[in-house]
Enquirer: 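Below you'll find the structure I mean.
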Amino acid sequence: MAEPRFSRSWRIIGYRSSMDSSFRIQHVDLFCVLFLLFIRSSISVSNEIPGFCAVGYGESECGPSSSSKLLIKGGTVVNADRQEVADVYIEDGIIVSVQPNIKVGDDVTVLDATGKYVMPGGIDPHTHLEMEFMGTETIDDFFSGQAAALSGGTTMHIDFVIPVNGSLSAGFEAYAKKAKKSCMDYGFHMAITKWDEYVEREMEIMVKEKGINSFKFFLAYKGSLMINDELLLKGMKACKSLGALAMVHAENGDAVAEGQKKMIELGITGPEGHVLSRPPVLEGEATGRAIRLASFVNTPLYVVHVMSIDAMEEIAKARKAGQRVIGEPVVSGLVLDDSGLWDPDFTIAAKYVMSPPIRKQGHNKALQAALSTGLLQLVGTDHCTFNSTQKALGIDDFRKIPNGVNGIEERMHLVWDTMVESGKISVTDYVQITSTECARIFNIYPRKGAILAGSDADIIILNPNSSFQITAETHHSRTDTNVYEGRRGKGKVEVTIAGGRVVWKDGELKVLPGTGRYIEMPPFSYLFNGIDKADATYLSSLRAPVQRFKAAT
């Protein structure tokens, strides 16, 4: 893997976008070296530094003392079901009270949110940090990716653990180690890449002991992550018995492999070959197949990164019939089209390569409409970033371009501008699709996804009258490109509060590795309500087995 550039995301504390970039990078290089040497040599005195915690898995009680008591005053507090002008009082990372005119003492830090929205921090249900994939590794790790998320108003994400040689336990331990540098809360999904009795036993361990309540099955990436229908059925049955949610990457991997072969035979080796080799019909077919198999098993299904009208229509049809299917569009599919893949500059075109592909103009508008009417339920990112050097691995063969785009930092702003500012959805709907529904699906509501007494103090203050601009020069990801380059819009996250600590304010990011927590997610979310009753109804309807008399011989 190519050596990544040293990005602004490694400014451990004290992040100001107005600083001269060359001075800033030199300053940070030196600071980070000294900082890391200090950690190694003097970890025993780390707690003497305000806001510092020794890097450790699951540590939570850290941050400057001023953050232990916080009052957000005068803003419009928005939950998924209502909005009201109120104050929000926080102590030790927990929301204590939400009501008008809260009086506090001098020891409380006060943030004025008058004229602004106070909302639950975003929860990104779909990320890939520090993931080994296609001969390289995603450029954002559990610190840089999370730092980017916090600066964009996302305060929790759920990442996908990839098994190690098929072992779920080994995969979990590997990702737990990677996540020790986390600076915000996170959870895990688990991928299933093979099947045997040992994997089935490990699934139970993941659910009952490790706090994982979802398992992903890849119907694409033939020869690496892809599984067949037999494994999918077995996995769905295991998910159902454990109260875990089955998730699918829905593309027909066999047909994609044929499409890739065809493009190469036609001499189409550039990034445009990627989208031409895996058309919407293959996403629609796999989505419909997974939905029908989930119906056969009678278990809920979550379809990740819905990118096409074809897939969306399969989900809409199933939901209309009463089936429990969740459709997750991602921000790239909502706001982009595939035109960039035909750019004559390989670096520009390659940065848009992801799977399923970004579709032609029209698919994005249809996905926006489906999201606004509830046919699709929440928005993720599939943040899976590779820099331009990594993308160049496929300069002569699009099949070797690492698949993935950014979005963890941009999602909250782009969804607001695309969906709320345009009048497609309300402010409460925005909270629903960026935070609350994710918390409900993965069974951590109302701890997350709400501004209520007793909820975690993961909060953003958004100014609807302020503007944003996206560029690789100012983003916090370690990648050197951005698929939303140059995009402008209204609605800016001005403050991010994570675990009761102000981590983003006035363009300044203050985060420390090791301050994030692993959030365990219990099984049997609301999606499983009534499943047992439906099974009993089905069994009673069979009128079988029929008692028959054997004919006399």
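We number each residue from 1, following the sequence as shown.
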Enquirer: Distance only, no hydrogens: is a donor on one side chain within 3.5 Å (strictly under) of an acceptor on the other, for T138 and H128?
Expert: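 Note: T138 and H128 side chains miss the donor-acceptor criterion.
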Enquirer: Does a side-chain N-to-carboxylate-O contact under 4.0 Å join D337 and K360?
Expert: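 Judged by the 4.0 Å cut-off on N to carboxylate O distance, D337 and K360 do not form a salt bridge.
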Enquirer: Report yes or no: does D458 contribute a side-chain atom to a donor-acceptor pair with the main-chain N or O of G499 at less than 3.5 Å?
Expert: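 Pair found, side chain donor or acceptor close to backbone of G499.
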Enquirer: Can any side-chain N or O of E132 pair as donor or acceptor with the backbone N or O of E137 at less than 3.5 Å?
Expert: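 No, E132 side chain to E137 backbone: no donor-acceptor pair under 3.5 Å.
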Enquirer: Please determine whether side chain to side chain contact (heavy atoms under 4.5 Å, CB included) holds for the pair D417 and L414, giving the CA-CA distance in whole Å, both sets of side-chain angles, and the decisive distance to 0.1 Å.
Expert: CA-CA 5 Å; D417 185 61; L414 290 173; 5.6 Å; no
Enquirer: Using the six-membered ring wherever Trp is involved, compare the ring planes of Y221 and H249 and label them parallel, tilted or perpendicular (cut-offs 30° and 60°).
Expert: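 It falls in the perpendicular class, over 60°.
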Enquirer: Less than 4.0 angstrom from a charged side-chain N to a carboxylate O is my criterion; do R289 and E285 meet it?
Expert: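 E285 and R289: salt-bridged.
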Enquirer: Tell me the closest heavy-atom pair linking I123 and G449, and the distance in Å.
Expert: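 Where I123 meets G449 most closely, the heavy atoms are CD1-N, 4.0 Å.
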Enquirer: Under 4.0 Å between a side-chain nitrogen and a carboxylate oxygen: does that hold for R359 and E283?
Expert: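 Salt bridge present between R359 and E283.
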Enquirer: Quick one: are H413 and I470 in side-chain contact, heavy atoms under 4.5 Å?
Expert: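 No, too far: nothing below the 4.5 Å cut-off.
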Enquirer: Apply salt bridge (charged side-chain N to carboxylate O under 4.0 Å, His left out) to the pair K178 and E130, showing each step before the final yes or no.
Expert: CA-CA 7 Å; K178 293 176 183 181; E130 212 165 331; 5.5 Å; no
Enquirer: Do T381 and D124 have side-chain atoms, one donor and one acceptor, less than 3.5 Å apart?
Expert: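 D124 and T381 do have a side-chain donor-acceptor pair below 3.5 Å.
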Enquirer: Name the residue from N443, I441, I158, L245 that meets the side chain to side chain contact (heavy atoms under 4.5 Å, CB included) definition with M521.
Expert: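 Among the candidates, only I158 passes.
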Enquirer: Do NZ/NE/NH1/NH2 and the carboxylate oxygens of R292 and D229 come within less than 4.0 Å?
Expert: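 Salt bridge between R292 and D229, a charged N being under 4.0 Å from a carboxylate O: no.
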Enquirer: Decide side chain to side chain contact (heavy atoms under 4.5 Å, CB included) for M412 and T434; before the verdict, give the C-alpha distance in whole Å, the side-chain angles of both, and the deciding distance to 0.1 Å.
Expert: CA-CA 7 Å; M412 299 292 283; T434 60; 3.7 Å; yes
Enquirer: Looking at the rings of F218 and F160, which for Trp means the six-membered one, are their centres under 6.0 Å apart?
Expert: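 Between F160 and F218, which both carry aromatic rings, the centre distance is not below 6.0 Å.
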Enquirer: Fit a plane to each ring of W416 and Y430, take the angle between them on a 0 to 90° scale, and name the class: parallel (under 30°), tilted (30 to 60°) or perpendicular (over 60°).
Expert: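 Aromatic pair W416/Y430 classed perpendicular.
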Enquirer: Report the C-alpha separation of D140 and R478 in whole Å, then their side-chain angles, then the decisive distance to 0.1 Å, and conclude whether the salt bridge (charged side-chain N to carboxylate O under 4.0 Å, His left out) test is met.
Expert: CA-CA 6 Å; D140 278 323; R478 296 176 71 194; 5.5 Å; no
Enquirer: So which atom in T436 and which in A80 form the shortest heavy-atom distance, rounded to 0.1 Å?
Expert: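 For T436 and A80, the tightest heavy-atom pair comes out as OG1-CB, 3.6 Å.
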Enquirer: Does a side-chain N-to-carboxylate-O contact under 4.0 Å join E204 and R201?
Expert: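 The answer is no: the pair does not qualify as a salt bridge.
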Enquirer: Within the supplied structure, the quantity of interest is the number of heavy atoms (other residues, nucleotides, ligands) at a distance under 6.0 Å from Y526 OH; does it exceed 12?
Expert: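 More than 12 heavy atoms, drawn from other residues, nucleotides or ligands, come within 6.0 Å of this atom.
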Enquirer: Are any non-hydrogen side-chain atoms of V256 and L282 less than 4.5 angstrom apart?
Expert: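 Yes, close enough: below the 4.5 Å cut-off.
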Enquirer: Around atom CG of N165, are there more than 12 heavy atoms of other residues, nucleotides or ligands at under 6.0 Å?
Expert: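 Counting neighbours around CG of N165, 12 or fewer heavy atoms of other residues, nucleotides or ligands fall under 6.0 Å, so no.
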Enquirer: Please answer whether the main-chain N or O of G273 pairs with a side-chain N or O of S277 as donor and acceptor at a distance below 3.5 Å.
Expert: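 Such a contact is found between S277 side chain and G273 backbone.
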Enquirer: For the side chain of N403 and the backbone of I401, is there at least one donor-acceptor N/O pair under 3.5 Å apart?
Expert: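 Side chain of N403 to backbone of I401, a donor-acceptor pair under 3.5 Å: yes, one is there.
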Enquirer: Under 3.5 Å, side chain of E173 to main-chain N/O of A170, donor-acceptor pair present?
Expert: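 No, the answer is negative, given that no donor and acceptor are paired below the 3.5 Å cut-off.
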Enquirer: Does Q361 have more than 12 heavy atoms from other residues, nucleotides or ligands lying within 6.0 Å of its CD?
Expert: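 Counting neighbours around CD of Q361, more than 12 heavy atoms of other residues, nucleotides or ligands fall under 6.0 Å, so yes.
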Enquirer: Ignoring hydrogens and angles, state whether a donor on the side chain of H476 or E409 is under 3.5 Å from an acceptor on the partner side chain.
Expert: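 Per modelled atom types, H476 and E409 side chains form a pair under 3.5 Å.
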Enquirer: Side chains of L233 and V297: does their closest heavy-atom pair fall under 4.5 Å?
Expert: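 Side-chain contact under 4.5 Å: yes.
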Enquirer: Determine whether a donor-acceptor pair (N or O, by modelled atom type, separation under 3.5 Å) exists between the side chain of S435 and the backbone of V431.
Expert: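 No, because the side chain of S435 does not come within donor-acceptor range (under 3.5 Å) of the backbone of V431.
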Enquirer: Determine whether a donor-acceptor pair (N or O, by modelled atom type, separation under 3.5 Å) exists between the side chain of N228 and the backbone of L231.
Expert: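 At least one qualifying donor-acceptor pair exists.
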Enquirer: Looking at every heavy atom in both H363 and S308, which two are closest together, and how far apart are they?
Expert: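 In this case the closest contact between H363 and S308 is ND1-CA, 3.5 Å.
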Enquirer: Mind checking whether D159 and H126 have side chains closer than 4.5 Å, heavy atoms only?
Expert: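 SC-SC contact between D159 and H126 ruled out.
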Enquirer: Rounded at 0.5 Å granularity, tell me how far CG in D535 sits from CD1 in I531.
Expert: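 Between D535 CG and I531 CD1, I get 6.5 Å after rounding to 0.5 Å.
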Enquirer: Taking the side chain as everything from C-beta on, heavy atoms only, tell me whether Q323 gets closer than 4.5 Å to I291.
Expert: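 Contact flag for Q323/I291 side chains = yes.
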Enquirer: Ring-plane angle category for F188 and Y518, please: parallel below 30°, perpendicular beyond 60°, tilted otherwise.
Expert: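 Rings of F188 and Y518: tilted, as their planes differ by 30° to 60°.
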Enquirer: Under a plain distance cut-off of 3.5 Å, with no hydrogens placed, do H383 and N406 share a side-chain donor-acceptor pair?
Expert: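 No.
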Enquirer: Could you check Q368 against M419 for side chain to side chain contact (heavy atoms under 4.5 Å, CB included), going step by step and ending with a plain yes or no?
Expert: CA-CA 7 Å; Q368 292 173 24; M419 301 299 295; 3.9 Å; yes
Enquirer: Taking the ring centre of each residue, are Y352 and W342 less than 6.0 Å apart?
Expert: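 So the answer is no for these two rings.
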Enquirer: Quick one about E437 and Q377 (side-chain donor to acceptor, distance below 3.5 Å, no hydrogens or angles considered), yes or no?
Expert: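 The answer is no; no qualifying pair exists.
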Enquirer: Distance-only, no hydrogens or angles: does the H475 side chain make a donor-acceptor pair with backbone N or O of T479 under 3.5 Å?
Expert: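 A pair under 3.5 Å: yes.
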Enquirer: Which heavy atom in S355 sits nearest to a heavy atom in E251, and how many Å separate them?
Expert: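 Closest approach of S355 to E251: CB-OE1, 3.6 Å.
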Enquirer: To check you understand the geometry: which heavy-atom pair defines the closest contact between V405 and M354, and what is its length?
Expert: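 Closest heavy-atom pair between V405 and M354: CG2-SD, 3.7 Å.
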Enquirer: Between D196 and K194, does any side-chain N to carboxylate O distance fall below 4.0 Å?
Expert: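 Here D196 pairs with K194 in a salt bridge, since their nearest N and O are under 4.0 Å apart.
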Enquirer: Just jot down the salt bridge (charged side-chain N to carboxylate O under 4.0 Å, His left out) partners of R447, sequence neighbours excluded, or say none.
Expert: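 Scan of R447 (salt bridge (charged side-chain N to carboxylate O under 4.0 Å, His left out), adjacent residues dropped) gives D456.
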Enquirer: Is it the case that S426 and T428 place a side-chain donor and acceptor less than 3.5 Å from each other?
Expert: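 Judged by distance alone, the side chains do pair up.
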Enquirer: Would E258 and K262 pass as an ion pair if we require N to O under 4.0 Å?
Expert: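 Salt bridge absent between E258 and K262.
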Enquirer: Kindly indicate, with the supporting measurements, whether the criterion ring pair (Phe, Tyr, Trp, His ring centres under 6.0 Å) is fulfilled by F215 and Y302.
Expert: CA-CA 10 Å; F215 295 90; Y302 185 113; over 10 Å; no
Enquirer: For K237, look at atom NZ and say whether over 12 heavy atoms of other residues, nucleotides or ligands are found less than 6.0 Å away.
Expert: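 For K237, atom NZ is not crowded (no more than 12 foreign heavy atoms under 6.0 Å).
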Enquirer: Keeping R319 on the side-chain end and V325 on the backbone end, is there a donor-acceptor pair under 3.5 Å?
Expert: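 Side chain of R319 to backbone of V325: a pair is present.
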Enquirer: What I want to check is whether the side chains of D81 and Q432 have a donor and an acceptor closer together than 3.5 Å.
Expert: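 No.
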Enquirer: Do H305 and E328 have side-chain atoms, one donor and one acceptor, less than 3.5 Å apart?
Expert: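 No - no donor-acceptor pair under 3.5 Å links their side chains.
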Enquirer: Test your reading of the model: is there a side-chain donor-acceptor pair from T154 to the backbone of L150, 3.5 Å cut-off?
Expert: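 No, the answer is negative, given that no donor and acceptor are paired below the 3.5 Å cut-off.
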Enquirer: To check you understand the geometry: which heavy-atom pair defines the closest contact between S151 and A148, and what is its length?
Expert: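 Looks like OG-O, 2.8 Å.
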Enquirer: Flag the pair Y484 / S332 as yes when at least one side-chain heavy-atom distance between them is below 4.5 Å, and no otherwise.
Expert: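 Touching, per the 4.5 Å side-chain cut-off.
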Enquirer: Side chains of M307 and V330, heavy atoms from C-beta outward: is any pair under 4.5 Å?
Expert: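 A side-chain contact exists here, since the closest heavy-atom pair is under 4.5 Å.
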Enquirer: Flag the pair D429 and K424 as a salt bridge only when some basic side-chain nitrogen lies within less than 4.0 angstrom of an acidic carboxylate oxygen.
Expert: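 Looking at K424 together with D429, the answer is no, because their closest N to O distance does not fall below 4.0 Å.
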Enquirer: Within the 4.5 Å heavy-atom criterion, are M263 and F398 side-chain neighbours or not?
Expert: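 In short, these two side chains touch, coming nearer than 4.5 Å.
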Enquirer: Please report the interatomic distance CG(L219) to OG1(T287), rounded to the nearest 0.5 Å.
Expert: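 Reported to 0.5 Å precision, the distance equals 8.5 Å.
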